[in-house]
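Note sheet for the following structure.
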Amino acid sequence: MARAADLASARRLAEIAVVLVMVLWAGNFIVVKGALGVLPPVGFTFLRYVLAAVTLLALLRWREGSFRLPRGDVRAVALLGVIGFGCYQIIWPIALQSIPAGDSALLIASTPVMVALLAVAAGIDAPNPAKLVGAVVSFAGVALVIAAGRGLDLGASLGGDLLTLTAALCWAVYTVFGANILRRHSPLVTTTWAIVAGTLFIAPLGIAQLATSDLGGVGPSAILAIIYSGTIAAGVATVVVFHGVKLLGPTRVSALQSLVPALAVVMAAVFLGEAIRPGQLIGGAVILAGIALLRRGSWPGRPSRGARIPAPEPLG
């Protein structure tokens with residue numbers, strides 16, 4: 001009984017921590033906005049992930065006492081790192097150059113739907129119509145938020161749209177199969193080496209962009225953006241999220257990521273003075289309704305079923 005209570009408490013704390021990360025990730029859109037004006041997209045990503053890798057390696061050494069590898073899963077973790085951090089962080093900024101930011105945010109927001117389908121296919125989450133409907137509802141809410149803010153023009157570039165969906169699929173693959181590997185390794189070990197692998201994959205293109213760009217306009221704000229994005233948004237926050245994946249399941253954590261666009265709208269209103277429109281408020285309410293349905297894993301009025309935990313043993 002005590003163990004069940006401890007696990008329930010750990011899940012609540014993990015969910016609170018994941019929500020805080022969503023706030024940090026929403027703030028990251030505002031922080032990075034200025035940096036991309038003076039740095040090329042993949043070059044900026046490479047710099048932030050170098051810092052993220054260094055930060056996580058330092059945390060790994062401090063927490064584990066060594067740079068421990070995910071033994072038995074080194075190749076799998078490296079491959080997932082290349083897909084989830086390397087491919088995603090190359091494809092997404094390239095696609096963003098050819099389509100509006102609102103389209104990109106909407107298409108990336110399809111990730112919870114992809115995660116739900118992949119998690120069921122992989123046997124990590126049990127098939128459950130309520131969870132799938134919740135993911136779709138969350139996606140619809142994100143669509144309302146983005147449409148109310150900047151409008152949608154999905155025909156702007158079919159190539160950019162397809163690339164953005166491919167990036168979303170990369171992150172969904174990493175989320176689902178990363179959760180499976182967490183049955184054997186801690187989030188810190190897994191995330192550290194996945195980010196190292198992704199950073200190495202990004203390095204050639206990132207270095208090439210930096211070498212051919214005029215960096216004369218790089219100032220303190222861009223440097224601070226790199227530090228924030230690398231140490232917090234891409235480093236420590238990612239470990240917290242995958243701690244949450246281990247305790248809560250990939251579908252629920254991915255659904256919480258739907259909060260990021262709504263939070264970004266609120267932050268833009270507070271820090272940039274942008275008006276919040278009625279359609280955005282409705283969209284935010286729809287997002288929360290979808291997340292609530294995903295969390296329950298059952299229809300309203302029926303007992304909560306939740307997501308099956310991918311790792312039976314407690315976090316080490």
| task | For residues 195-205, pull every pair meeting side chain to side chain donor-acceptor pair (under 3.5 Å), keeping only residues two or more places apart or in separate chains. | result | none
| task | Nearest 0.5 Å please: distance from the OG1 atom of T164 over to the CD1 atom of I91. | result | 9.5 Å
| task | Can you sort out the partners of A203 under side-chain contact (heavy atoms from CB on, under 4.5 Å), two or more places apart, ordered by chain and number? | result | F46, I207
| field | Closest approach of P204 to L200 (non-hydrogen atoms, all atoms of both residues) | value | CD-O, 3.4 Å
| CE/M114 to CH2/W171 distance, rounded to the nearest 0.5 angstrom? | 14.5 Å
| field | Non-hydrogen side-chain atoms of L60 and W193 separated by less than 4.5 Å | value | yes
| query | Can you pull the salt bridge (Lys or Arg N to Asp or Glu O under 4.0 Å) pairs that have at least one residue in residues 73-90, sequence neighbours excluded? | reply | D73-R184
Taking only distance into account, with no hydrogens and no angle test, what donor-acceptor pairs under 3.5 Å do side-chain atoms of residues 261-268 form with protein atoms, sequence neighbours excluded?
none

| remark: Residue pairs meeting ring pair (Phe, Tyr, Trp, His ring centres under 6.0 Å), one or both in residues 49-75, sequence neighbours left out, come to Y49-F85
| Could you walk me through whether V189 and L69 pass the side-chain contact (heavy atoms from CB on, under 4.5 Å) check? | CA-CA 7 Å; V189 170; L69 290 168; over 6 Å; no
| Partner set under salt bridge (Lys or Arg N to Asp or Glu O under 4.0 Å) for R68, not counting sequence neighbours | E64
Side chains of residues 18-32: which donor-acceptor pairs under 3.5 Å do they make with residues two or more places apart or in other chains?
{"residue": "W25", "atom": "NE1", "partner": "A233", "partner atom": "O", "Å": "2.7"}
{"residue": "N28", "atom": "OD1", "partner": "S229", "partner atom": "OG", "Å": "2.7"}

| remark: Value for CD1 (I195) from CD (Q89), rounded to nearest 0.5 Å, stands at 9.5 Å
| query | Which atoms form the tightest heavy-atom contact between I90 and L205, and what is the distance? | reply | CG2-CD2, 3.8 Å
| query | If you take all heavy atoms of L248 and A14, which pair is closest and at what distance? | reply | CD1-C, 4.3 Å
| Closest heavy-atom pair and its distance - A78, A197 | O-CB, 3.6 Å
| query | Any side-chain heavy atom of I227 sitting closer than 4.5 Å to one from I232? | reply | no
| request: Rounded to the nearest 0.5 Å, what's the gap from CG on L80 to OH on Y174? Could you check? | output: 7.0 Å
| message | Which heavy atom of V77 sits nearest to which heavy atom of T190, and what is that distance? | response | CG1-O, 3.5 Å
| task | Measure up the Y88 and W92 rings against each other and bin them: parallel (under 30°), tilted (30 to 60°), perpendicular (over 60°). | result | parallel
| request: Find out whether L47 and L210 are in side-chain contact, i.e. whether some heavy atom of one side chain is under 4.5 Å from a heavy atom of the other. | output: yes
| request: Give the cluster check for I16 versus V260: same hydrophobic cluster or not, with ILVMFWY residues linked at side-chain heavy-atom distances below 4.5 Å. | output: no
With a 3.5 Å cut-off and sequence neighbours excluded, list the donor-acceptor pairs that the side chains of residues 213-225 form with protein atoms.
{"residue": "S213", "atom": "OG", "partner": "Q209", "partner atom": "O", "Å": "2.5"}
{"residue": "D214", "atom": "OD1", "partner": "G216", "partner atom": "N", "Å": "3.1"}

| query | With side chains defined as the heavy atoms from C-beta onward, is the minimum distance between I226 and L39 less than 4.5 Å? | reply | yes
| said: If you compare all heavy atoms of L247 against all heavy atoms of A10, which two are closest, and at what distance to 0.1 Å? | reply: CD1-O, 3.7 Å
| Those residues that, when tested against T55, pass side-chain contact (heavy atoms from CB on, under 4.5 Å) (two or more places apart) | L51, L59, T231, V236
| query | Hey, are the side chains of I181 and P70 touching, using non-hydrogen atoms and a 4.5 Å cut-off? | reply | no
Return a table of donor-acceptor pairs under 3.5 angstrom between the side chains of residues 281-291 and protein atoms on other chains or two or more places apart.
none

